[in-house]
Amino acid sequence: MIIYKSADWWEAFIHLKSSAIIRKLFVRVLWIGAYATLVTASDMYFHYHDHITVDKEFFSFLGIMLSLLLVFRTNTAYDRFYEGRRLWGHLTNNCRNLAVLLHARLPVHDQQRRTYLARLLSSFPLALDGHLRTGVQFDRLDEPTAGFREQLRHVGHVPSRISALLQEFHEQLLREELILPTHLLTIQRHHEALLDVAGACERIKQTPIPFSYSFFIKGFISVFVFIMPFNLLDTYQLLTIPVTMFGAYALLGVEMIGDEIEEPFGKDSNDLPLTQMSTRMRINIHEILGVPVTEEEKSLAAEQYSVVY
Amino acid sequence: MIIYKSADWWEAFIHLKSSAIIRKLFVRVLWIGAYATLVTASDMYFHYHDHITVDKEFFSFLGIMLSLLLVFRTNTAYDRFYEGRRLWGHLTNNCRNLAVLLHARLPVHDQQRRTYLARLLSSFPLALDGHLRTGVQFDRLDEPTAGFREQLRHVGHVPSRISALLQEFHEQLLREELILPTHLLTIQRHHEALLDVAGACERIKQTPIPFSYSFFIKGFISVFVFIMPFNLLDTYQLLTIPVTMFGAYALLGVEMIGDEIEEPFGKDSNDLPLTQMSTRMRINIHEILGVPVTEEEKSLAAEQYSVVY
Amino acid sequence: MIIYKSADWWEAFIHLKSSAIIRKLFVRVLWIGAYATLVTASDMYFHYHDHITVDKEFFSFLGIMLSLLLVFRTNTAYDRFYEGRRLWGHLTNNCRNLAVLLHARLPVHDQQRRTYLARLLSSFPLALDGHLRTGVQFDRLDEPTAGFREQLRHVGHVPSRISALLQEFHEQLLREELILPTHLLTIQRHHEALLDVAGACERIKQTPIPFSYSFFIKGFISVFVFIMPFNLLDTYQLLTIPVTMFGAYALLGVEMIGDEIEEPFGKDSNDLPLTQMSTRMRINIHEILGVPVTEEEKSLAAEQYSVVY
Amino acid sequence: MIIYKSADWWEAFIHLKSSAIIRKLFVRVLWIGAYATLVTASDMYFHYHDHITVDKEFFSFLGIMLSLLLVFRTNTAYDRFYEGRRLWGHLTNNCRNLAVLLHARLPVHDQQRRTYLARLLSSFPLALDGHLRTGVQFDRLDEPTAGFREQLRHVGHVPSRISALLQEFHEQLLREELILPTHLLTIQRHHEALLDVAGACERIKQTPIPFSYSFFIKGFISVFVFIMPFNLLDTYQLLTIPVTMFGAYALLGVEMIGDEIEEPFGKDSNDLPLTQMSTRMRINIHEILGVPVTEEEKSLAAEQYSVVY
Amino acid sequence: MIIYKSADWWEAFIHLKSSAIIRKLFVRVLWIGAYATLVTASDMYFHYHDHITVDKEFFSFLGIMLSLLLVFRTNTAYDRFYEGRRLWGHLTNNCRNLAVLLHARLPVHDQQRRTYLARLLSSFPLALDGHLRTGVQFDRLDEPTAGFREQLRHVGHVPSRISALLQEFHEQLLREELILPTHLLTIQRHHEALLDVAGACERIKQTPIPFSYSFFIKGFISVFVFIMPFNLLDTYQLLTIPVTMFGAYALLGVEMIGDEIEEPFGKDSNDLPLTQMSTRMRINIHEILGVPVTEEEKSLAAEQYSVVY
């Protein structure tokens, strides 16, 4: 994700180079510029714009209809982006609350259990980060017990396994009467949030906007942009080229940005910084439970990169 | 559901053949093309476009109004589609959490109870899949106990019956003190999610957009498309035919896609892959509870078909 | 509610006769046609269209503004319609879950208590149906105990009374230790959903869109339709009549359908089939609790009428 | 709030006089008519419309942009109006459910406690009504104990105090074992809804739409309406006056209605009938707990005034 | 935040000076006026408007598309603003409910514990206010115990630490049997709301609208405003200058206000009055628990400044 101050227009232009999608958009606009040049040039020889009259109101109506569809599509894509962020925020809140509750129950000097819990709980967001991206990076997980990573490697659904280990830990605390049944009820609510978030992120990842709808919009834009220079020729002559490019910028831009942000768990420059968030949760959980982390790890979470993943 | 990468325009065109609704849309657009040809041809003889003037702004306003209605309609249809997906995601989460909780309480080697639970719980999504489509396919359900399928065949509402059996299982665990009352409270929350999802899916299925509204929009589009070639004749002459077809593509497309996605439980190519999701839940539940499934079954759930149901 | 298949355009036209609001819309459009005929006819004598020029863009802008307001209004009305449906779905889910929980706790052969519960719980949706429409039809309620109907006749708010009786039943079960305190907690959640749904339905019924807003839109449409033929006269001459009627169809249709669906508890053809839903809940509750119902009653709930209430 | 039937256009016109905001709108439209008359009259002498050409498409675009902003603003205002209504409905539901639960636990003949509870609970909505309007009217509150009103007069936040007294009552019941700990859990959920509703209503009241936004829209409309007659002069001459008034009606109307309904707790004719709702809750609570109220009080709550507060 | 009455247009103009963003908008509009003057002046010499024809419908369509994007963007920004307000309202409600519950359990004369709780709980919103703005201002926090502020200075995430201290307090009460396990369950729900609100506010603060989207809109507006005077020249000549400024006011205004309100935790004049809200919570909590505060502090919270932070 690109960190920026939204009110500063100038900085926005500087940051431009970090955004792959904006660069891709400019490339496409250039291609359409080439196409418009072709149309305009051939028109100079064949003068077909003398034979074509254009119903400008009709194309204006079609353009507005297309805009409405695109805005609806962006809206939907943004909702998915923001739901992804909301889910990771929910994960943060529940990890913190779980740590706060167990901190107050675990004996102050029981450093062994505190360390076990801090490491197990911290490994959940890190594992989910990998699970949603290219696969769990087992080397980055803390090991609450020796062989933990090895054990996870043979598991189909890693987040479920970590959740089950945590549940076994709660039951163990209950059996040793370190927590009362009444605590378990609250713990369960925080605990089940882990798999709820995992499931909801999987949903966002696996369910793009329906194919027909996506295809329909792409078809609509393609034809609209293809026709555009013919509609503008008689009014603009040579200026048709930049005007077509501006129109294409507007239409393609909305569509492409929608495509990018609707799956917020990748590593595009607009995607959510899952790794940074996981690291922050890890530091938080350790601090609350009183388990030390190295200064270097702390700085990793605190630092504000201009582009973070 | 068609699995695709939304950012790739070229792949979108390739996948086209998998989408029944897009094919159907093209057929309708061809028919309207035929109608526009008829109008244009007869105009060559009767020259009625000399006698008609058109208030283009008025039709532009009506077109924009129609677009607004269609976008609202698509919005509503998409919300229903996505609510359906959200509900099945909720089902997945609650099945997993239920399995995690009971895994930690059931004795590690009590393979009999673990198998019973895994099979009974897995049969719920499979039964719901059938219940929402053409009827429960009893042969596909696991049998926790012999005669289970036979027993269900005589039941009016199968999901309620499976839920009741599960409830009896919880009560049995409580009686044998394998779970405490405090566990039951959490179990209940996950358990009641099953029937909540079933009821909400039934709601989506049984309550289309109100008839008057659907009829009103269909009437509006029909008249609008019928008038369209007459509005375009004096400007476009022969080009009226492709322009009318483009306009019809835009209007009919939105309406038809809305109609298709508003009921996401069918087996159209844009509908939700209920069967795949049920199979995945089944594998998940078995893995969490430590009940083995065959490799073949695992592959069934993991594989990414290009079109899945 | 009219049951239909939304993707079938032809069936939609056939079903037309069942929709009172669409018929009413056609009548109003005819009246406006008569008015447009009057304007056109008088124009033939007085030729006032020679003296009027029209700012078509200005009226196009006003028309689009009106469209936006109407779409917003429809949106709001549909939300209320769908919230009503959602509430009754919530009621169904909670009745089912309550029945499932108590089925697992009540002794299998305690037919007396099962019958009492099935009848008392079933009477809630039936009473709410009447409460939201023209008044509770006491004859349609089951009698869990003799004199039950008579007792309810003297009560101000019938759903509250049934809820209180159910609460007394739960307390009785607790006193006889047929349920544990832990069960009561879950039961309470399902139980309180009954009055929550009742209160929310009352809210929808008692709070239409604010009067000023409704009046403002009606005033806007009236003036707009009144001016419409004058705007179209110079372009269309005799064709002004059908074009005005088409414009009026579009504007009045959205407004009228919004008015109808915003109160979904009446007996208009687009309203929710409360009675059918109540009957289905009744069958469901009886089946889950193992209390027999006659085949005739079952068929009542199962059948799919083309228009249901 | 004005009670009306939204589908009846004629009644809407009759009710007009009850709506202060619509009257205010008409006055403003008249003033703008006077301004348009001035512009038109002075144009007859100076003929400046000969020197001005107008880019009608540009003003159409600005008008549509303004419409979009206004519709968004109305949407927001309506959401606040409806959230207010939803909150009071939530209050009703929780008061009823609390009364139902305690009715089933309190001994049938313990008329003293029933009366205390009915009066204390009923005083919450009445106090909140005053708190949100001009200040609590202590004389209208029931007195559960002598001196209750006097005691409240010295309190900064009255609803919090009533909530605290109610909490003390619950604790007293627990101490006397009239309720079990398990009941307290459910009671707490209903009980905390009281302060949740109070806080949310305070939020709606204290947080209008941000000032910049409100100012920006008012500035936009002012300039737009100021320019409007100059844009229409060359087309309409004398007809500029009514056409400007119609345009102003549309723009000012949406803005003014938005301003009015965004704070639904006043005593404008579109505001929520808080007092009527409080009285209804009072009757309901007394009926459920079996505490008699006079017939006169009942009729107060039942009656449907055409304008209620 | 600027406190104002939204229905009063005149007051709105007076308050203008308090709004930094509106002043900034006016400055930008003046710059664009200067640019338009330059274009118009140079046109007088070079007469390039003779060589340019403009497709006004095309620019109208692009303008409407831009408006749709801007309204969507404002919508999103406002949702974030209002979610921030909602979160702080949620914090208020949970602090009050927590205080009400513990007030009823703590012995009436246990002034020591009441003071400790009131001060600890009050410090949470004050610390969160600082945490979201420029950093916690430790001097403004109450000290429940000596050295409290000093201790917090060495903590990475202050709100988590206060939450953990509060949790230890609850556990202490449980150990001394001042509260029952059943109370703890309710307390936990209120208590976890503290960190939930903190996490959600952090989310709003850290996740602006995706960079590509923000950049895309800024690019779109820049080009559109740059082209605007050339589009208007042939119609308006000298009047091009004010008309361009009006158009720029509309477009830039919506964008800038969106930029400002999307991060509502700063100290801009439209941001939320976090400090005032924290102070109010403090007075409330003290009043409910019966812990005296000075009159001066009370007046701080009660007073209605015209601009509050």
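Naming convention: chains lettered A, B, ... in sequence-line order (proteins, then strands); numbering from 1 in each chain. In what follows, every heavy atom counts, from backbone to side chain, and hydrogens, waters and symmetry copies are set aside.
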Review point. Is it the backbone or the side chain of A:Ile64 that comes under 4.5 Å from a heavy atom of chain E, or both, or neither?
Key: both
Review point. What part of E:Ile227 is in contact with chain A, defined as an atom under 4.5 angstrom from a non-hydrogen atom: side chain, backbone, both or neither?
Key: side chain
Review point. Aromatic rings E:Phe224 and A:Phe246: how do their planes relate, parallel, tilted or perpendicular, breaks at 30° and 60°?
Key: tilted
Point to revise | Contacting region of E:Glu171 [heavy-atom separation from chain A under 4.5 Å] | key: side chain
Review point. Checking E:Leu68 against chain A: side chain, backbone, both or neither under 4.5 Å from a heavy atom?
Key: both
Check your understanding: Is there a donor-acceptor pair closer than 3.5 Å between any side-chain N or O of A:Ser278 and the backbone N or O of A:Leu274?
Key -> yes
Practice item. Heavy-atom pairs under 4.5 Å with chain E are the metric here; pick the option from A:Thr74, A:Asn94, A:Ile261, A:Leu25 that has the most. Key: A:Thr74
Exercise for review: Assign the ring pair A:Phe58 / A:Phe61 to parallel, tilted or perpendicular, where the plane angle (0 to 90°) is split at 30° and 60°.
Suggested key: perpendicular
Point to revise | Partner set under side-chain contact (heavy atoms from CB on, under 4.5 Å) for A:Asp79, not counting sequence neighbours | key: A:Asn75
**Study point:** Residue part contacting chain E, namely of A:Arg86, when any heavy atom lies under 4.5 Å
**Key:** both
Exercise for review: Measure E:Phe220 against the heavy atoms of chain A and call it side chain, backbone, both or neither at under 4.5 Å.
Suggested key: both
Review point. Side chain of E:Ser60, backbone of E:Lys56: donor and acceptor closer than 3.5 Å?
Key: no
Check your understanding: Quick one: what part of A:His90 sits under 4.5 Å from any heavy atom of chain E, side chain, backbone, both or neither?
Key -> neither
**Study point:** Interchain contact, E:Ile204 with chain A, by part (heavy-atom threshold 4.5 Å)
**Key:** both
Review point. Under 6.0 Å between ring centres, would you say that holds for E:His170 and E:His183?
Key: no
Point to revise | Atom group of A:Tyr78 that falls short of 4.5 Å from chain E, counting heavy atoms | key: side chain
Review point. Do the ring centers of E:Tyr35 and E:Phe226 come within less than 6.0 Å of each other?
Key: yes
Check your understanding: Can you say whether E:Leu69 sits under 4.5 Å from chain A via the side chain, the backbone, both, or neither, judging by heavy atoms?
Key -> both
**Study point:** Side chain, backbone, both or neither of E:Val155 within contact of chain A (heavy atoms, under 4.5 Å)
**Key:** both
Review point. For A:Tyr249, is it the side chain, the backbone, both or neither that has a heavy atom under 4.5 Å from a heavy atom of chain E?
Key: both
Check your understanding: Where does A:Ile21 contact chain E at under 4.5 Å (heavy atoms): side chain, backbone, both or neither?
Key -> side chain
